[in-house]
Amino acid sequence: MSIEIKNLSFVYGAKSAYEKRALEDVSFTIKDGETLGIIGTTGSGKSTLIQHLNALIRVTNGSIVIDDIDLSQKRINLQLLRSKIGMLFQYPEYQLFEDTVEADVAFGPKNFGYKKEDIDYMVRQAIELVGLDYYEVKDKSPFELSGGQKRRVAIAGIIASRPSILVLDEPTAGLDPIGKREILDLVKRLKDSFVKTIIMISHNMDEIAEYCDHVIVLHEGKLIYDTTPEELFSDKEKLVGTGLSLPHTVNIARLLSEKGVEINESCLDVDSLVNAIEKAVPNE
Ligand SMILES: Nc1ncnc2c1ncn2[C@@H]1O[C@H](COP(=O)(O)OP(=O)(O)OP(=O)(O)O)[C@@H](O)[C@H]1O
Ligand SMILES: [Mg+2]
């Protein structure tokens, strides 16, 4: 199920005094099974782009085709679209509102009209998939949980309806390092389930380098790179003027190379950096 975005432009408050062009002629394709990272500085159009994917913002200029759903059509089957695409907004824990974790996670499947037995099973499976103990948390209030746990409950609520595409707007924002790692490992694990394609906005280049196999860079509403993390971070010059930085591991590898330690790999995560250093500086 690929996603084809062609010549997508979007203006907020068109023809008003507050008119703001948020996307300009953006075209790219997301293939089935990819983990796509979307990066760009504040206000570059990332959230505007992903909100088009579940028709929260309607296509006004250009086209988006997801599987066989053409989002530029006037009439689209929103229920079908939203069953395929799960969307986690930034700080999703603020959207938890039911009395118990179980009820919160059941909200989506109920809305999709599933039968009670199916909902019970889906809720339990989703809670377990996000790494929480179903019996321990099901009757708790979501507000009793820690920040990382709340976010996991929010993710369970999205995946309970088994979307094949999961869109995450800064899923690790505001979490401590352990919470961040838990969420990212969870996202990675979800790819072994019914979730096939992941689209993730992040301000953190380390996360993009480690977890994504495709990356796009938005700059003032325009798509300026559509490539792999390896390619994007291979050349520091590419990021000049974008307000973005290199991942830490890539930076360390570059500094070592400048000091004469010959590192020829891209070092997109800590393990590959350690391996590359071990190769370059063999044990005596
Ligand atoms: N509801 C809105 N009304 C008017 N302008 C908006 C609205 N939402 C966003 N914008 C403007 O559109 C542009 C793109 O915003 P968007 O939220 O898509 O950026 P972003 O890349 O997600 O930024 P951030 O990293 O801060 O989340 C910005 O200039 C923003 O001010
Ligand atoms: Mg945003």
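Remember, predicted model here, so these are calculated numbers, not experimental data. Read the numbers this way: they start at 1 and go in the same order the structure lists the ligands and their atoms.
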Heavy-atom check, side chain of [X] versus side chain of [Y], under 4.5 Å:
| X | Y | answer |
| --- | --- | --- |
| L49 | F28 | yes |
| V26 | K6 | no |
| E207 | K180 | yes |

Discussion item. Heavy-atom contact check, 4.0 Å cutoff: does G40 meet ligand 1?
Written reply: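 Judged by the 4.0 Å heavy-atom criterion, G40 does not count as contacting ligand 1.
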
Item to complete: For atom 9 (C) of ligand 1, decide whether some protein heavy-atom distance is shorter than 4.0 Å.
Response: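 Yes, there is a protein heavy atom closer to it than 4.0 Å.
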
Fill in: atom 16 (P) of ligand 1 protein-contacted (non-hydrogen atom, under 4.0 angstrom)
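For atom 16 (P) of ligand 1 the answer is yes, since some protein heavy atom falls inside 4.0 Å.
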
Worksheet entry | Donor-acceptor pair, side chain of T35 and main chain of I198, under 3.5 angstrom |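 No; judged by distance alone, with no hydrogens or angles, the pair does not exist.
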
Which residue holds the protein heavy atom closest to [atom], what is that atom called, and what is the gap in Å?
| atom | answer |
| --- | --- |
| atom 18 (O) of ligand 1 | T48 OG1, 2.5 Å |
| atom 29 (O) of ligand 1 | K20 CE, 3.0 Å |
| atom 2 (C) of ligand 1 | Y12 CD2, 3.4 Å |
| atom 26 (O) of ligand 1 | T42 CG2, 3.0 Å |

Discussion item. Suppose the cut-off is 2.8 Å; which protein N/O/S atoms would you list for the Mg ion (ligand 2)?
Written reply: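 S47 OG, with waters left out.
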
Are [X] and [Y] close enough for a salt bridge, meaning some N to O gap below 4.0 Å?
| X | Y | value |
| --- | --- | --- |
| E34 | K191 | no |
| R124 | E102 | no |
| K238 | E231 | yes |
| K84 | D67 | yes |

Worksheet item: If you measure from each non-hydrogen atom of K46 to ligand 1, which part falls under 4.0 Å: side chain, backbone, both or neither?
Response: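 The answer is both.
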
Practice prompt. Return a yes/no value for G43: is any of its N or O atoms, backbone included, closer than 3.5 angstrom to an N or O of ligand 1?
Written response: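 Yes; at least one N/O pair falls below 3.5 Å.
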
Worksheet item: Is G45 in polar range of ligand 1, meaning some N or O pair under 3.5 Å apart?
Response: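 The answer is yes, given that G45 and ligand 1 share an N or O pair closer than 3.5 Å.
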
Worksheet item: Taking the minimum heavy-atom distance to atom 27 (O) of ligand 1, which of S47, A173, S202 ranks first?
Response: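 Considering heavy atoms of S47, A173, S202, the nearest to atom 27 (O) of ligand 1 sits in S47.
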
Worksheet item: Run the side-chain contact (heavy atoms from CB on, under 4.5 Å) check on L88 and D169 step by step: do they pass?
Response: CA-CA 6 Å; L88 188 82; D169 196 343; over 6 Å; no

Item to complete: Take atom CD of E24 as the centre, draw a 6.0 Å sphere, and report whether it contains more than 12 heavy atoms from other residues, nucleotides or ligands.
Response: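 Yes, enclosed.
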
Discussion item. For E117, is the CD atom crowded, meaning more than 12 foreign heavy atoms sit under 6.0 Å from it?
Written reply: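 Atom CD in E117 is packed in, count exceeds 12.
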
Worksheet item: Relative to the ring of Y94, is the ring of Y91 parallel (under 30°), tilted (30 to 60°) or perpendicular (over 60°)?
Response: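 Judged by the thresholds at 30° and 60°, the geometry between Y91 and Y94 is tilted.
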
Practice prompt. Report, in ascending order of atom number, the atoms of ligand 1 lying under 4.0 Å from any heavy atom of H203.
Written response: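 Those of ligand 1 that fall under 4.0 Å from H203 are 25 (O).
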
Worksheet item: If you count the atoms of ligand 1 from 1 in the order shown, which ones are under 4.0 Å from a heavy atom of A22?
Response: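 Those qualifying, in numeric order: 12 (O), 13 (C), 14 (C).
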
